[in-house]
Amino acid sequence: MFPIRDHNPSGRVPYVTYALMAANIGIFLSMLPIAGDEYAMSQFYYDWALLPRRVTEADGYSALLTSQFLHGGWMHIVGNMLFLWIFGDNVEDEMGHLPFLGFYLGTGALSGLAHVVADPTSLVPTVGASGAIAGVMGSYLLLFPKAKVDILLIFIIIFRIISIPSWIMLMVWFAMQFVGGMGATPGTGGVAYWAHAGGFVAGVIFTLPLWLRRGGPAFWRATHGQPPHPEAQYPVPSSIPKVKRK
């Protein structure tokens, strides 16, 4: 289940979202020349990636920020940038440019701390914008729970695009992170589930003041959980073949 777009156009140009995407992509491309050099990559990750043991030993705190702009492969960065592109513009629209930047970096740092708490002795480098983007998703859940999100549903050989309320997609995603974290073996690397879950929860908490200023539950009742503007419309071809009459 992959989100591919939402039906929630932003009211202004999301400069910060675009800048964050450009920074992530630019840094990833700049790493390609050393991608085949194991020693160089190990040194690079030691200097800039998040290593929980270093943070536990009061060292490498800067990695809570720098690790947010590093990625481990093409699928990693493409997936993260897709999620940021879908959800970031609307949260930036609601918060404003500079507050959104602080929100993004702050939830990213807290997601890193959640990963450290979950596995404090690990020396496996952790990289990726996933924790910060999870914070954006948590914020989106609170602000636009019923905004439509188109997802690509893949079941064996069946591919179909369907529209669902954002709260379903976001809560399913969060549940997958929680279950994945409960089942993960510490110290083995892989997906940083607790970083994702921690970033998501931080995003909800950091957005609560904005949500309450908008009226809290009254904001939901006034908008019915939908974006406070007309939704975007996309032509979705029917999967049912038409039979011509003779």
Side-chain angles (χ1 to χ4, degrees), residues 1-31 67-108 111 127-154 159 161-174 176-177 191 195-196 199-200 202-204 206-207 226-236:
M1 185 176 69
F2 302 98
I4 57 174
R5 63 193 177 197
D6 65 359
H7 292 243
N8 189 0
S10 53
R12 51 182 158 178
V13 179
Y15 293 112
V16 173
T17 298
Y18 290 161
L20 289 169
M21 293 177 66
N24 278 280
I25 294 170
I27 292 172
F28 177 76
L29 294 176
S30 72
M31 294 171 56
S67 63
Q68 298 179 38
F69 294 89
L70 307 179
H71 290 83
W74 285 102
M75 291 299 295
H76 192 196
I77 190 168
V78 168
N80 275 349
M81 294 305 99
L82 174 63
F83 274 71
L84 180 56
W85 177 70
I86 293 173
F87 300 110
D89 62 328
N90 302 113
V91 177
E92 181 179 349
D93 198 12
E94 293 296 316
M95 292 185 174
H97 302 305
L98 289 180
F100 173 72
L101 178 60
F103 167 86
Y104 178 92
L105 297 176
T107 53
S111 75
V127 297
S130 306
I133 296 169
V136 173
M137 294 164 66
S139 178
Y140 195 100
L141 172 66
L142 198 58
L143 295 172
F144 312 108
K146 293 186 179 180
K148 288 183 181 178
V149 177
D150 287 349
I151 63 170
L152 175 61
L153 188 63
I154 301 175
F159 297 79
I161 296 174
I162 62 173
S163 296
I164 61 174
S166 63
W167 72 266
I168 296 178
M169 180 257 148
L170 293 170
M171 289 305 297
V172 168
W173 182 89
F174 177 74
M176 290 170 63
Q177 308 315 304
V191 179
H196 297 172
F200 190 93
V204 172
F206 281 5
T207 307
Q226 300 281 356
H229 47 254
E231 67 178 24
Q233 299 293 333
Y234 304 108
V236 179

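Computed from a predicted structure; not experimentally measured.
Between His71 and Phe28, the two ring planes are perpendicular [angle over 60°; tilted spans 30° to 60°].
Between the side chain of Glu92 and the backbone N or O of Val16 there is at least one donor-acceptor pair closer than 3.5 Å.
Distance CE/Met81 to CG/Asn24: 4.0 Å, rounded to 0.5 Å. Here the CD1 atom belonging to Ile164 is positioned 14.0 Å from the NZ atom belonging to Lys146, to the nearest 0.5 angstrom. Atom CD1 of residue Ile151 and atom CZ of residue Arg5 lie 12.0 Å apart, to the nearest 0.5 angstrom. Atom CD1 in Ile77 sits 9.0 Å away from atom CD1 in Ile27 (nearest 0.5 Å). To the nearest 0.5 Å, atoms CG (Leu84) and OG (Ser130) are separated by 11.0 Å. Here CD1 of Ile168 is found 12.0 Å from NZ of Lys148. Values are rounded to the nearest 0.5 Å.
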- Message: Run Asn8 and Asp89 through side-chain contact (heavy atoms from CB on, under 4.5 Å) and show every step you take.
- Response: CA-CA 9 Å; Asn8 189 0; Asp89 62 328; over 6 Å; no

- Message: Evaluate Met95 against Ser139 for side-chain contact (heavy atoms from CB on, under 4.5 Å), listing each step before the verdict.
- Response: CA-CA 10 Å; Met95 292 185 174; Ser139 178; 3.6 Å; yes

- Message: Phe103 vs Thr207, test: side-chain contact (heavy atoms from CB on, under 4.5 Å). Steps then yes/no.
- Response: CA-CA 9 Å; Phe103 167 86; Thr207 307; 3.7 Å; yes

- Message: Assess the residue pair Val149 and Phe87 against the criterion (side-chain contact (heavy atoms from CB on, under 4.5 Å)); give the C-alpha distance rounded to whole Å, side-chain angles, the decisive distance to 0.1 Å, and a yes or no.
- Response: CA-CA 10 Å; Val149 177; Phe87 300 110; 4.3 Å; yes

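Looking at Tyr140 and Asn90, their side chains come closer than 4.5 Å, going by heavy atoms from C-beta outward. In this structure the side chain of Phe174 never reaches within 4.5 angstrom of the side chain of Met137, judged on heavy atoms. Side-chain contact between Trp173 and His196: present, with at least one pair of heavy atoms (C-beta onward) separated by less than 4.5 Å. Side-chain contact between Val136 and Thr107: absent, with no pair of heavy atoms (C-beta onward) separated by less than 4.5 Å. Using a 4.5 Å heavy-atom threshold, the side chains of Phe69 and Leu20 count as touching. Contact annotation: the side chain of Ile4 approaches that of Ile161 to within less than 4.5 Å [non-hydrogen atoms, C-beta and beyond].
Scored by the ring pair (Phe, Tyr, Trp, His ring centres under 6.0 Å) test, Phe206 finds no partners at all (sequence neighbours excluded).
Counted within 6.0 Å of CG on Leu98, heavy atoms from surrounding residues, nucleotides or ligands total 12 or fewer; the atom is thus considered open.
Residues Ala132 and Ser111 come closest through the heavy atom pair N-OG, 4.2 Å. Here the shortest heavy-atom pairing between Gln68 and Gly108 reads NE2-C, 3.4 Å. In plain terms, the two heavy atoms of Leu141 and Met171 that are nearest each other are CD2-SD, 3.6 Å. The two residues His7 and Pro9 have their closest heavy-atom pair at O-CD, 3.4 Å. Counting all heavy atoms, side chain and backbone alike, Ser166 lies closest to Pro145 at OG-O, 3.0 Å.
Pairs passing the salt bridge (Lys or Arg N to Asp or Glu O under 4.0 Å) check and including a residue from residues 11-25, sequence neighbours excluded, read Arg12-Asp93.
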